[in-house]
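See structure below.
Proteins get letters first, then strands, A, B, ... in listed order; numbering begins at 1 in each. Values reported hereafter were calculated over all heavy atoms of this structure, with side chains retained and with hydrogens, waters and symmetry mates removed.
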Amino acid sequence: MKNVYDIFKERGFIEQATDENMLRELLAKPITCYIGFDPTAKSLHVGSLLPIMSLAHMQREGHRPIALLGSGTCLVGDPSGKDEIRPVMTREEIDSNAEGIKAQMSHFIDFTNGKALMLNNADWLVPLNYIDFLRDIGRHFSVNRMLGAESYRQRLESGLSFLEFNYMLLQAYDFWYLFKNYDCLLQMGGNDQWGNILAGADLTRRIEGKIIHALTFPLITTADGNKMGKTHRGAIWLDPELTSPYEYYQYWINTDDRDVRRFLSYFTFLPMHEIERLSRLKGEDLRKAKDVLAYEATKICHGQDAANKTRSAARQLFGQEVMEDSEAVPTYSMTSDELGEGIQAYILFKDSDLCATRSEARRLISQGGAYVNGERIPSFDTRVGPDDIQNNAILLRAGKKKYLRVCIQDS
RNA sequence: GGAGAGGUUCCCGAGUGGUUAAAGGGAGCAGACUGUAAAUCUGCCGGCUCAGCCUUCGGAGGUUCGAAUCCUCCCCUCUCCA
């Protein structure tokens with residue numbers, strides 16, 4: 001069995017670790033490790049993919065991962081990496097978000113038979129008593145030292161509430177709690193969590209006299225300097241309701257050349273020699289590597305079936321295959337009554353959500369970026385009507401990459 | 001609580017009575033080029049019934065023929081002091 005530490009290392013997962021040699025030794029035998037996920041939204045997004053993949057790797061190598069839902073800590077709000085105070089969320093919001101995330105996580109990690117655990121820190125944080133907590137836990141923390149932590153230092157400029165200041169103590173408490181009750185010896189997380197994780201290891205050393213470990217992942221940015229998973233249009237979610245498998249696939253296939261190799265090693269389970277081979281491809285051929293990346297990433301998140309469908313849809317739309325089954329292409333439905341004798345193109349582009357406003361649709365069309373069934377639309381008021389229907393649908397295209405099938409149903 | 005600075009269109013940031021839907025930059029969109037990549041060039045970039053109209057410059061009032069720009073009150077942020 002390969003040591004996970006080495007797997008992490010060769011795949012570029014490690015930014016910082018407490019002690020490389022001790023960790024490698026520790027990981028030679030099955031251990032329990034954890035990563036916390038904040039239920040700030042009803043779904044995780046691509047930005048959380050690296051931590052999720054790391055837990056999956058741990059499990060594949062025989063370790064027991066714990067995915068910790070931070071419902072309790074989320075009530076406080078983590079100031080790390082945020083430049084302003086987070087809006088306080090209600091219990092209800094957080095709980096319902098946690099439900100969604102739980103379901104999602106199961107696609108990546110097998111939670112059956114105790115092979116992995118899903119816990120929620122609200123279970124032990126909420127019942128805490130303030131005075132007891134201060135006396136038992138708070139006394140181990142030095143404010144002087146906390147203020148030196150990177151995550152707080154940034155916020156000292158723009159404002160940090162006392163509520164948020166306490167976040168570190170709670171996360172430290174989590175780590176200690178999981179060590180105590182689940183024998184958890186390693187906490188992983190994004191590099192912005194380094195300070196929080198160390199605080200937990202420190203606390204445990206003070207209380208228990210035991211050494212436990214921290215490992216952080218690099219903050220991933222794309223070659224053009226954006227945060228992973230953030231697009232102009234918003235986050236790329238793991239929930240198919242929020243980001244369809246088609247869009248998900250498209251996100252990956254549009255990867256910058258410079259990111260292909262890195263992303264293959266982060267976001268697929270392909271062996272490194274295969275990744276090396278793929279990323280050696282040059283020029284146009286590199287698209288083959290992107291295709292593998294998109295396919296594998298979609299498969300891991302949405303399943304083989306969805307991956308096949310979206311890949312086929314992409315190939316049809318982008319011209320390598322004949323159009324026949326377009327199930328996975330984004331669809332907008334309307335009845336033949338609504339279509340009537342025809343609708344002005346700019347209205348159709350707006351109503352189908354290809355454009356946000358009618359003005360935007362007019363602009364798009366007048367700039368020559370709008371197509372119906374592959375034909376460029378000459379003017380904004382061109383009518384799209386029954387004559388344009390092919391296979392019960394009309395294929396719209398905005399710009400080079402955005403496709404939409406308008407599905408016409410009998411009324 | 002006291003003193004000062006400030007809140008402008010997605011972001012940064014000009015603008016101190018009319019020529020301002022508001023400079024400039026970034027982001028974004030479209031076209032050309034191309035490999036569903038990058039770079040580059042060109043155009044666009046509040047809304048709408050689109051060469052006209054409507055709604056914007058923290059909020060509410062007021063002055064004025066006319067305000068993002070002046071006055072009043074309120075809200076919020078930052079800096080210094082307590």
Side-chain angles (χ1 to χ4, degrees), chain A residues 82-88 154-161 164 221-236 244-264 278-295 297-298 307 310-321 323 326 328-330 343-351 353-372 374-383 395-404:
Chain A
K82 305 284 185 304
D83 46 15
E84 47 190 40
I85 296 179
R86 287 221 288 223
V88 173
Q154 290 172 0
R155 289 291 300 279
L156 252 27
E157 309 264 311
S158 58
L160 175 69
S161 68
E164 291 175 294
T221 49
T222 55
D224 51 11
N226 288 111
K227 268 190 192 162
M228 189 71 207
K230 294 278 185 204
T231 67
H232 37 93
R233 220 173 289 283
I236 301 295
S244 69
Y246 173 84
E247 289 172 273
Y248 193 79
Y249 182 92
Q250 287 297 316
Y251 175 76
W252 294 106
I253 203 110
N254 281 307
T255 297
D256 191 301
D257 282 10
R258 294 165 288 179
D259 291 327
V260 171
R261 185 198 146 94
R262 221 160 34 110
F263 287 4
L264 279 168
L278 285 168
S279 43
R280 265 198 300 273
L281 295 169
K282 287 278 179 295
E284 195 178 340
D285 282 341
L286 194 55
R287 279 166 59 229
K288 289 175 192 152
K290 294 184 191 183
D291 181 66
V292 173
L293 170 65
Y295 182 79
T298 308
T310 51
R311 166 138 83 179
S312 149
R315 287 183 174 171
Q316 288 174 36
L317 290 173
F318 291 93
Q320 291 144 36
E321 285 176 17
M323 202 71 186
S326 29
V329 181
I343 298 177
Q344 295 183 83
Y346 75 100
I347 295 177
L348 184 61
F349 271 71
K350 155 72 176 82
D351 289 354
D353 248 16
L354 264 177
C355 296
T357 64
R358 290 184 177 185
S359 294
E360 192 182 303
R362 278 168 184 266
R363 232 175 277 137
L364 176 79
I365 296 168
S366 71
Q367 291 179 135
Y371 298 76
V372 170
E375 297 275 328
R376 183 177 272 182
I377 303 174
S379 80
F380 76 90
D381 54 359
T382 302
R383 276 183 187 276
L395 184 67
L396 303 184
R397 185 181 131 199
K400 267 175 291 196
K401 301 181 197 170
K402 271 181 297 178
Y403 284 93
L404 184 82

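- B:rC44 is paired with B:rG28 under the criterion used here, namely a Watson-Crick or G-U wobble arrangement in which both key atom distances are under 3.5 Å.
- Under the side-chain hydrogen bond (donor to acceptor under 3.5 Å, both in side chains) criterion, A:Arg358 pairs with no residue at all, not counting sequence neighbours.
- In this structure, the CD1 atom of A:Ile365 is 14 Å from the C1' atom of B:rC44, given to the nearest Å.
- Residue A:Leu364 is classed as a sugar-phosphate contact, given heavy-atom separations below 4.0 Å to backbone atoms only.
- The 5' end of RNA chain B is approached more closely, in terms of each residue's nearest nucleotide, by A:Ala370 than by the other of A:Ala370 and A:Leu286.
- Using a 4.0 Å heavy-atom criterion, one finds that A:Asn254 contacts the bases of the nucleic acid, with or without backbone contacts as well.
- Going from the P atom of B:rA5 to that of B:rU20 covers 30 Å, rounded to whole Å.
- Nucleotides B:rU8 and B:rA14 are separated by 10 Å at their C1' atoms, to the nearest Å.
- Under 3.5 Å, the side chain of A:Gln367 and the base of B:rG31 form no donor-acceptor pair of N or O atoms.
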Report task. List the steps and the verdict of side-chain contact (heavy atoms from CB on, under 4.5 Å) for A:Glu375 and A:Val372. Result -> CA-CA 5 Å; A:Glu375 297 275 328; A:Val372 170; 5.5 Å; no
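- Taking atom NZ on A:Lys290 and atom P on B:rA38, their separation rounds to 7 Å, with Å as the unit.
- Two rings, from A:Tyr403 and A:Phe318, have their centers less than 6.0 Å apart.
- Across all strands shown, B:rA23 has no partner, as no Watson-Crick or G-U wobble contact with both distances under 3.5 Å is found.
- Remark: the separation of the P atoms in B:rU9 and B:rA68 is 14 Å, to the nearest Å.
- In this structure, A:Gly283 reaches the bases: a heavy-atom distance under 4.0 Å links it to at least one base atom across the strands shown.
- For the P atom pair drawn from B:rA27 and B:rU40, the interatomic distance equals 10 Å after rounding to whole Å.
- Between A:Asp285 and A:Lys288 there is a salt bridge, since at least one side-chain N of the basic residue sits less than 4.0 Å from a carboxylate O of the acidic one.
- Atom-to-atom, CG of A:Asp224 to P of B:rU40 comes out at 12 Å; the value is rounded to the nearest Å.
- Contact annotation: A:Arg363 reaches the phosphate of B:rG47 (side-chain N/O to OP1 or OP2, under 4.0 Å).
- What separates CZ of A:Phe263 from C1' of B:rA37 is a distance of 13 Å, to the nearest Å.
- When each of B:rC48, B:rG31, B:rA30 is scored by its nearest atom to the side-chain atoms of A:Thr357, the top-ranked nucleotide is B:rC48.
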Going 5' to 3' through nucleotides 50-56 of chain B and flagging B where a protein heavy-atom sits under 4.0 Å of the base, S where only the sugar-phosphate is that close, and - otherwise, we get B------
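- Using modelled atom types, one finds a donor on one side chain and an acceptor on the other under 3.5 Å when comparing A:Lys401 with A:Asn254.
- Residue contacts for A:Arg376: at a heavy-atom cut-off of 4.0 Å it reaches the sugar-phosphate backbone alone, with no base atom in range.
- Between the CG atom of A:Leu354 and the P atom of B:rC29 there is a distance of 14 Å, given to the nearest Å.
- A donor atom on one side chain and an acceptor atom on the other are found under 3.5 Å apart for A:Glu247 and A:Ser244.
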Whether each nucleotide of nucleotides 8-13 of chain B has a protein heavy atom under 4.0 Å at its base (B), only at its sugar-phosphate (S) or at neither (-) is summarised, 5' to 3', as ------
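- Straight-line distance between the P atoms of B:rC53 and B:rU19: roughly 15 Å, to the nearest whole Å.
- Pairing of B:rC73, defined by two Watson-Crick or G-U wobble distances under 3.5 Å, is identified with B:rG59.
- The side-chain heavy atoms of A:Ile377 and A:Phe349, taken from C-beta on, include a pair separated by under 4.5 Å.
- B:rG52 and B:rG4 have their C1' atoms separated by 47 Å, with the value rounded to a whole Å.
- A salt bridge is absent between A:Arg258 and A:Asp224: the closest approach of a Lys/Arg side-chain nitrogen to an acidic carboxylate oxygen does not fall below 4.0 angstrom.
- Nucleotide B:rG1 forms a Watson-Crick or G-U wobble pair with B:rC81, both donor-acceptor distances falling under 3.5 Å.
- For the pair A:Ile253 and A:Lys350, nearest-nucleotide mapping onto RNA chain B gives the more 5' position to A:Ile253.
- The nearest whole Å value for the distance from the CG atom in A:Asp257 to the P atom in B:rA37 is 9 Å.
- For the residue pair A:Tyr249/A:Asp291, the side-chain donor-acceptor check at 3.5 Å is satisfied.
- A distance of about 25 Å separates the P atoms of B:rA82 and B:rC75, rounded to the whole Å.
- Taking atom CD of A:Glu284 as the reference point, atom P of B:rC33 lies 16 Å away to the nearest angstrom.
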| Does the side-chain contact (heavy atoms from CB on, under 4.5 Å) test come out yes or no for A:Leu317 and A:Tyr246, once each step is laid out? | CA-CA 12 Å; A:Leu317 290 173; A:Tyr246 173 84; 3.3 Å; yes
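- The nucleotide B:rU16 finds no pairing partner, because no Watson-Crick or G-U wobble arrangement with both distances shorter than 3.5 Å includes it.
- Donor-acceptor pairing under 3.5 Å, judged by distance alone, is absent between the side chain of A:Asp285 and the base of B:rG35.
- Side-chain contact check for A:Tyr251 versus A:Thr231: some heavy-atom pair is nearer than 4.5 Å.
- In this structure, B:rU34 forms no base pair with any nucleotide, since neither Watson-Crick nor G-U wobble geometry is met with both distances under 3.5 Å.
- Taking the C1' atoms as reference points, B:rG46 lies 27 Å from B:rC41, given to the whole Å.
- Spacing between atom CZ of A:Phe349 and atom C1' of B:rC29 amounts to 14 Å, rounded to whole angstrom units.
- When the options A:Leu396, A:Leu404, A:Leu354 are evaluated for a side-chain contact (heavy atoms from CB on, under 4.5 Å) with A:Leu348, the one that passes is A:Leu396.
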